[in-house]
Amino acid sequence: MSGREYLFLRARHVKYFRRCLQVLPFTSVTYDTSRMAVLYFALSGLDLLDGLSELDKEERQHIINWIYSLQILPGNDRDEQACAGFRGGTTLASCRGESSCDTVSQLDCGHITMTYTALASLIILGDDLSRVERPAVMAHVAALQCPDGSFFSTRGGSENDMRFMYCAAAICYILQDFSAINTTSATKYILNSMSYEGAMGQGTHLEAHGGSSYCAIATLHLLGKLDSSLSRTQRERLVRWLVERQSGGGLQGRPNKPPDTCYAFWIGATLQILGALDYLDTAALRQFVLSTQDPITGGLAKYPNSNPDGLHTYLGISGLSLLRKDNLKPVDPALNISQQALSHLHQLHKNISKNSTVPC
C-alpha cells in the first residue's frame, strides 16, 4: 500500500447502500437466494453511517413488510415447525399448503443465517418483532443442532460449522430464549475447534481462521460462557494469533493470505470482545480499509483496486466503526448491529419481561 492518506467517502457509501436497496447489477444474480443478507448489509451500513433517516416512513414499512413476507408460517406439525424461520428471498418460496405444490414445499425451509439477518434488520428498522412466530423460530433453531453441538444452516441438509452456531446464538439472544440450544455441547464444540495455533477453525482438527474465531468468541459471549470457558492461557494465545494477522496494514484471515477488508471486522470485533483491540496498529488498519474504496460508485472491495460489493462494504465500515473514527455510530461487536439498535433491542426485552402474555 502506498503512503497516500485516504479520506473516508461517507456520502458515496450512503449512495452505494441506497442503490443496494433498490437494484443490484446483473453480476450479483447469484445472491438472489440471499437477498435478506444483502438487505441487512445495506440497512446496517446505512445505520452506522447515520443514513437511515433518508428512508421515509413508507419505505421503512415496505421493507419491514417484505421481511415478514419471507417468514415461513408453519402449522402445528413438528416437521413443519422445524422448517420455519425466514427465507433468503422470494426465489425459494413455494405455495405451501396447496396440493399442487407439495413437492416444492418440502424444500421451502428457513435458513438460519437468513433468520438472523431478518431479525437484525427488523431491529435496525425499529420494529417491535410482534409478528415474529417465536415458538416456530425456536423449533427451527433446535432442529438444526447436531449431536456434536454444531448447527446446520437449513433442515434440508448443509454444512454444519461455526458460522451457523453463531447465527443460532444471535437469534436466541435477540429473542431472549436460549432453550433451543444445548449450550453444553455447543461450548464443547467451540473448545474442540481450537487448533494448535491457538485460534478456532470451523470445527475439530480444521485450520484456524479469523472468521471462525469471531463466530466462536461471539457465540460464547452471547451465551454468557466466555469468561468460564477459556483459560487465561487460551485467551492470551488467541489474542496473539489474532494480532499476528495484521499484514501490510490490513488484516488477513489466516497466515500467508493477503489482507482483506472484511477481517477489519471479523478479527477487530473478536479482539474488541476480548478487550485487546488496542494491540493493533489501528491507524494502518484504517488506511488499508479506506484504500479499498471505490471513489466513483462508493462501496468497499475485498482488496484495493477491486470491485466493491455489499458484504465487504458493510464489514469494512463496521470495522472502521470499531476504531471509533470517521464519525460512524458505534457498533456492537457481538451482534454486529449499531449500539443504538442494540439499545432498542434491550428496550424490547424489558417490555417483554413486563408482559407475561408475550412469550420470551
Side-chain angles (χ1 to χ4, degrees), residues 10 13-24 31 34-73 84-90 93 110-134 136-137 140 167 170-177 222 265 298-299 310-311 313-315 317-318 321 328-352 355 358-360:
R10 172 187 296 274
H13 300 323
V14 170
K15 290 182 179 179
Y16 179 86
F17 281 132
R18 288 285 287 156
R19 285 198 302 276
C20 287
L21 290 179
Q22 301 297 329
V23 64
L24 292 175
Y31 299 126
S34 304
R35 288 164 62 191
M36 190 72 76
V38 176
L39 173 69
Y40 158 73
F41 296 144
L43 289 175
S44 201
L46 284 172
D47 190 18
L48 294 180
L49 291 163
D50 202 19
L52 275 182
S53 59
E54 294 192 11
L55 301 181
D56 59 32
K57 184 177 180 180
E58 182 178 353
E59 190 171 7
R60 281 174 179 256
Q61 193 58 52
H62 174 75
I63 296 173
I64 289 171
N65 290 340
W66 182 82
I67 294 172
Y68 278 117
S69 75
L70 294 176
Q71 181 178 204
I72 295 174
L73 304 174
F86 287 79
R87 309 175 183 93
T90 54
H111 189 289
I112 200 166
T113 302
M114 301 308 143
T115 301
Y116 156 60
T117 52
L119 295 175
S121 296
L122 289 170
I123 292 298
I124 292 165
L125 290 168
D127 185 68
D128 62 3
L129 305 184
S130 60
R131 286 191 274 168
V132 174
E133 292 290 329
R134 293 169 181 262
V137 171
H140 166 61
C167 292
I171 291 166
C172 291
Y173 185 90
I174 290 172
L175 298 181
Q176 282 296 279
D177 184 351
L222 292 170
F265 177 78
L311 181 148
T313 301
Y314 174 60
L315 292 176
I317 288 173
S318 192
S321 173
L328 292 164
K329 286 184 181 178
V331 67
D332 176 70
L335 274 184
N336 199 6
I337 58 177
S338 71
Q339 290 185 9
Q340 180 177 317
L342 182 65
S343 296
H344 170 62
L345 176 61
H346 287 165
Q347 186 59 52
L348 289 181
H349 291 166
K350 291 180 181 179
N351 294 341
I352 288 173
N355 185 354
V358 179
C360 181

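Note that the coordinates shown come from a computational prediction; the quantities given were computed from them, not determined experimentally.
In this structure, the side chains of L39 and L21 come closer than 4.5 Å at one or more pairs of heavy atoms. Side-chain contact between T117 and V38 is absent, with no heavy atoms from C-beta onward closer than 4.5 Å. Here the side chains of I63 and L43 are in contact, with some heavy-atom distance below 4.5 Å. Within the 4.5 Å cutoff, side-chain heavy atoms of Q347 are placed close to those of K350. Inter-residue side-chain proximity for L129 and R134 is flagged as met; some heavy-atom pair is nearer than 4.5 Å. A heavy-atom distance below 4.5 Å is not found between the side chains of Q176 and L348.
A distance-only check finds no donor-acceptor pair linking the side chain of H346 to the backbone of A341 [under 3.5 Å]. Q71 places a side-chain N or O within donor-acceptor distance of the main-chain N or O of R131, the cut-off being under 3.5 Å.
Between S318 and L48 the shortest heavy-atom distance is CA-CD1, 3.8 Å. Taking every heavy atom of both residues into account, I67 and S121 meet most closely at CD1-CB, 3.8 Å. Closest non-hydrogen pair, T313 versus F17, comes out as CG2-CZ, 3.3 Å. L335 and A170 make their closest contact through CD2-CB, 3.8 Å (heavy atoms, listed as atom of the first residue, atom of the second, distance). When all heavy atoms are compared, the tightest approach of V137 to G85 is CG2-CA, 4.5 Å. In terms of heavy atoms, E54 sits closest to E59 at O-OE1, 4.3 Å.
A centroid separation of 6.0 Å or more is found between the aromatic rings of F265 and Y314.
Taking CG from D47 and CD from Q339, the interatomic distance works out to 11.0 Å, rounded to the nearest 0.5 Å. Rounding to the nearest 0.5 Å places CE of M114 at 13.5 Å from CZ of R87. Put simply, OG on S44 and CG on L125 are 10.0 Å apart, with the number rounded to the nearest 0.5 Å. Rounding to the nearest 0.5 angstrom, the gap separating the CE atom in M36 from the OH atom in Y40 is 13.5 Å. Between L345 atom CG and D127 atom CG the span is 11.5 Å, to the nearest 0.5 Å. Rounding to the nearest 0.5 angstrom, the gap separating the CG atom in L46 from the NZ atom in K329 is 10.0 Å.
Residue H62 qualifies as open at atom NE2: its count of foreign heavy atoms under 6.0 Å is 12 or below.
Ring pair Y68/F86 is tilted by interplanar angle, where 30° to 60° counts as tilted.
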- Let me see the working for R35 and L24 under side-chain contact (heavy atoms from CB on, under 4.5 Å), right down to the final yes or no. CA-CA 10 Å; R35 288 164 62 191; L24 292 175; 5.9 Å; no
